[in-house]
Amino acid sequence: MHTGDWPSTVEEALAVQERLRERVDLTDDGPELPPTVTGLDVAYDERDGFAAAVVTLETAGLTVVEARTHRAEAVFPYEPGLFAFRELPPLLAALERLDREPDVLVCDGHGLAHPRRFGLACHLGVLTGWPAFGVGKTRFVGTHADPAPARGSAEPLVDAGEVVGAALRTQDGVKPVYVSAGHRIDLAHACRLTLALTPRYRLPETTRQADRLSRAALR
DNA sequence: GCGACAG
DNA sequence: ATCTTGTCGC
């Protein structure tokens, strides 16, 4: 993998982010539900090493089509707002090992729901060219009303006067997840797809599978 | 000035 | 992210 031109300071990362942000494409010409969905996640060890995992599922039955992992050392510290510079290298390496090209990437983090509107999902989408969106477990930016208790209820996530995502209830009476568009997919489709991926649990089956696999790859 | 701050 | 026991509920 190429990590030679990878930013090593906060200033450099901010500059890269600002440049790539202009390449985000928010149009959505994809189908209501893509044939497959690819989830990504990273697990860390007690030091600076981690394992990235990507898992492609058939959207209809949520069965595994393909799964790949990649182990690496961290090349960038965790910095709120610059999260992608830490996890992107191993994730891209794992993605390159897939035989089948993803239809859409489901990221463990945010897309537009980011201080500069360029979270991990946007970054991943721009670099790969594939549709991508984010499903975060906790809020990063913005405020929202509490969604109704029923699964499927949602409230807009607003930051600085603009809707950057949605707080979506994926299970009755359970804390909502934060969905935001990343690249080549709109918020409505991202929310519908997220609901298709959460028939039983709060988090998408894609991230659950990728989380499981990345932890296993760590040992 | 005082918190908040994806994973 | 990760460190961790018990506990409540289906």
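Below, all heavy atoms of this structure are taken into account, side chains as well, without hydrogens, waters or symmetry copies. Here is the naming used below: chain letters follow the sequence lines, and residue numbers restart at 1 for every chain.
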More than 12 heavy atoms of other groups within 6.0 Å of A:Glu22 CD | no
Give the rounded distance in Å between these two atoms: OH of A:Tyr78 and P of C:dT2.
-> 13 Å
Are A:Asp146 and A:Arg169 close enough for a salt bridge, meaning some N to O gap below 4.0 Å?
-> yes
Looking for any heavy atom pair under 4.0 Å, which part of the strands does A:Gly134 touch: base, sugar-phosphate only, or nothing?
-> nothing
Contact class for A:Leu82 (heavy atom, under 4.0 Å): base, sugar-phosphate, or nothing?
-> base
Rounded to the Å, how far apart are A:Gln171 CD and C:dG9 P?
-> 19 Å
Exceeds 12 heavy-atom contacts within 6.0 angstrom, atom CZ of A:Arg71 | yes
Could you state the atom-to-atom distance from NE2 of A:His110 to P of C:dA1 in whole Å?
-> 12 Å
Whole-Å distance separating the OH atom of A:Tyr178 from the P atom of B:dG7 = 10 Å
Checking all strands, does A:Ala113 fall into the base, sugar-phosphate, or nothing category for heavy-atom contacts under 4.0 angstrom?
-> nothing
Can you establish whether the number of heavy atoms outside A:Glu18 located under 6.0 Å from its atom CD is more than 12?
-> no
Taking CZ from A:Arg200 and C1' from C:dG9, how many angstroms apart are they, rounded to a whole number?
-> 13 Å
A:Arg212/A:Asp41 salt bridge by N-O under 4.0 Å criterion | no
Has A:Arg47 got a side-chain N or O lying under 4.0 Å from the OP1 or OP2 atom of C:dT2?
-> no
A:Arg139 vs B:dC5: side-chain N/O to OP1/OP2 distance below 4.0 Å | yes
From CG of A:Leu157 across to P of B:dA6 the rounded distance in Å is 13 Å
Look at the side chain of A:Ala43 and decide which nucleotide, out of B:dA6, B:dG7, C:dT2, has an atom nearest to it.
-> C:dT2
Would A:Tyr44 count as stacked on B:dG7 if the rule is ring centres under 5.5 Å and plane angle under 30°?
-> no
Which whole-number value in Å describes the distance from A:Glu87 CD to C:dT2 P?
-> 10 Å
In whole Å, what is the span from the CD atom of A:Glu46 to the C1' atom of C:dT2?
-> 10 Å
